[in-house]
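Keep in mind that this is a model prediction, so the values were computed, not measured. All values below were derived from every heavy atom in this structure, side-chain atoms included, with hydrogens, water molecules and symmetry-related copies excluded. We number each residue from 1, following the sequence as shown.
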Amino acid sequence: MTLNNLKSLSDLAKAAQSKKGKVVLTVNVEDVVCKNQVRKRFRNIEELAVTLLTEGQQSPIIVFPKNTDGKYVIQKGERRWRACKQANIETIDIIVNDKLQSDLDETAGELIENIQRDNLTSLEIAHAIQSFIDTGWKQKDIAKRIGKNISYVSTHLSLLKMPDCVRELDDNEVCSDTETLNNLRLLYELNADRCRAVCAVSRHDGITRKQSRELLNDAKRIKAEMENRFLPKEQQEHVQLPLSKNKEWKNIRPDTLTITVNVMVDDDIKRGVLMTDRMALVPETVSSNL
């Protein structure tokens, strides 16, 4: 870098504070472009934009050398770049990384960095891992490359099999927990209608990992009971049905319960409360409460 390239004394100061031999440059934000990367959602950009306006840019973003269009392509730090554009900040600090990397090397780097920061959704991680699978990598080798165990890899890959109703929970940021999403995926395989109804309710009320686990265990138990009915009597007594673990059963008066009913009608959920202290003499009364 020559002094002719330095636009101000601040550039000179930043050049003296180079990181691992890399020079910090200040360039026009329009000279920097993004690339297709692992992360698809960028949260809290407006908040970061306010911080940049008040505190300034605390660390430079990492970019590749200029491409054929004369633009720097972002390697790390797209959130800061987006926030600069959001705040109409004209310049951005960059460090040019001229080390050649393959597409998978870049993907692995993004995965490792963002997994450590917990910045990626489960589905974003799944798609990134799938890019390794598509090029012939084995799950154990992927796990070693990104510093995770093979269960982590296989569990995330399973998310790519999610039905639309479950995927919508992730898309709408209702739920991004890997175990919960996979529990719902398995529930769909056992009882698709039940899963769609659960997902419809979850879009309004949310769903926890414990709830999804109990729903899956109940579906497994019902399936086992149904299969048991068709066995010869001498074999039925040997069937061990799965039971939910760690449940504490308590005696309770029926009239103290509030039983909520959710009925799926034309892809919409109608809600109501089951009355336990009275009887409806007119059938229409029941439906009118939904």
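The OH atom of Tyr188 sits 7.5 Å away from atom CG of Asp164, with the distance rounded to the nearest 0.5 Å. Taken to the nearest 0.5 Å, the CD atom of Gln86 stands 12.0 Å off from the CZ atom of Arg79. Residue Ile94 holds its CD1 atom at 6.5 Å from CD1 of Ile61, rounded to the nearest 0.5 Å. Note that CG of Leu215 and CG of Leu190 are 11.5 Å apart. Values are rounded to the nearest 0.5 Å. One distance of note links CD1 of Ile129 with CD of Gln139; it measures 8.5 Å at 0.5 Å rounding. To the nearest 0.5 Å, atom CD1 of residue Ile222 and atom CG of residue Asn191 are 7.5 Å apart.
Under the salt bridge (Lys or Arg N to Asp or Glu O under 4.0 Å) criterion, Asp141 pairs with no residue, sequence neighbours left out. Residues forming a side chain to side chain contact (heavy atoms under 4.5 Å, CB included) with Thr68 (at least two apart in sequence, or on another chain): none.
The cluster map of Ile, Leu, Val, Met, Phe, Trp and Tyr, joined by side-chain heavy atoms under 4.5 Å apart, puts Trp137 and Leu160 in the same cluster. Note: the hydrophobic cluster containing Ile133 also contains Tyr152 (ILVMFWY, side chain heavy atoms under 4.5 Å, direct or indirect links). When hydrophobic clusters are built by joining Ile, Leu, Val, Met, Phe, Trp and Tyr residues whose side-chain heavy atoms come closer than 4.5 Å, directly or via intermediates, Val50 is not grouped with Ile89.
Other residues, nucleotides and ligands place more than 12 heavy atoms under 6.0 Å from the CZ atom of Arg213. Atom CD of Glu179 has more than 12 neighbouring heavy atoms from other residues, nucleotides or ligands inside a 6.0 Å radius.
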Inset, instruction - Assess whether side-chain contact (heavy atoms from CB on, under 4.5 Å) is satisfied between Glu189 and Leu186, documenting all intermediate values. - result: CA-CA 5 Å; Glu189 294 177 1; Leu186 294 172; 3.8 Å; yes
Inset, instruction - Run the numbers on Leu157 and Gln130 for side-chain contact (heavy atoms from CB on, under 4.5 Å), then give the verdict. - result: CA-CA 7 Å; Leu157 284 174; Gln130 184 62 43; 3.5 Å; yes
Inset, instruction - In sequence, state the C-alpha distance, the side-chain angles, and the governing distance for Leu52 and Cys84, and then conclude on side-chain contact (heavy atoms from CB on, under 4.5 Å). - result: CA-CA 7 Å; Leu52 288 174; Cys84 282; 3.8 Å; yes
Legend entry - Asp31/Lys66 under side-chain contact (heavy atoms from CB on, under 4.5 Å): CA gap, chis, key distance, verdict: CA-CA 9 Å; Asp31 290 336; Lys66 286 184 177 181; 6.0 Å; no
Inset, instruction - Test salt bridge (charged side-chain N to carboxylate O under 4.0 Å, His left out) on Arg167 and Asp170 and set out the steps. - result: CA-CA 5 Å; Arg167 187 182 297 271; Asp170 180 77; over 6 Å; no
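Between Leu123 and Met162, the closest side-chain pair of non-hydrogen atoms falls below 4.5 Å.
Residues Thr178 and His156 come closest through the heavy atom pair OG1-NE2, 3.5 Å.
Checking side-chain atoms of Thr180 against main-chain N and O of Ser176 turns up no donor-acceptor pair under 3.5 Å. Judged purely by atom type and a 3.5 angstrom limit, Asn182 uses its side chain to pair as donor or acceptor with the backbone of Thr155. Formation of a donor-acceptor pair under 3.5 Å by the Arg80 side chain with backbone atoms of Ser59 is found in this model. A side-chain donor-acceptor contact under 3.5 Å links Trp81 to the backbone of Val32.
A salt bridge does not link Glu30 to Lys71: none of the charged side-chain nitrogens sits closer than 4.0 Å to a carboxylate oxygen. Ion pairing of Arg196 with Asp193 is present here, as a side-chain N (NZ or NE/NH1/NH2) and a carboxylate O approach within less than 4.0 Å.
With Ser202 as the partner, the side-chain contact (heavy atoms from CB on, under 4.5 Å) test is satisfied by one option alone out of Thr208, Ile207, Val166: Ile207.
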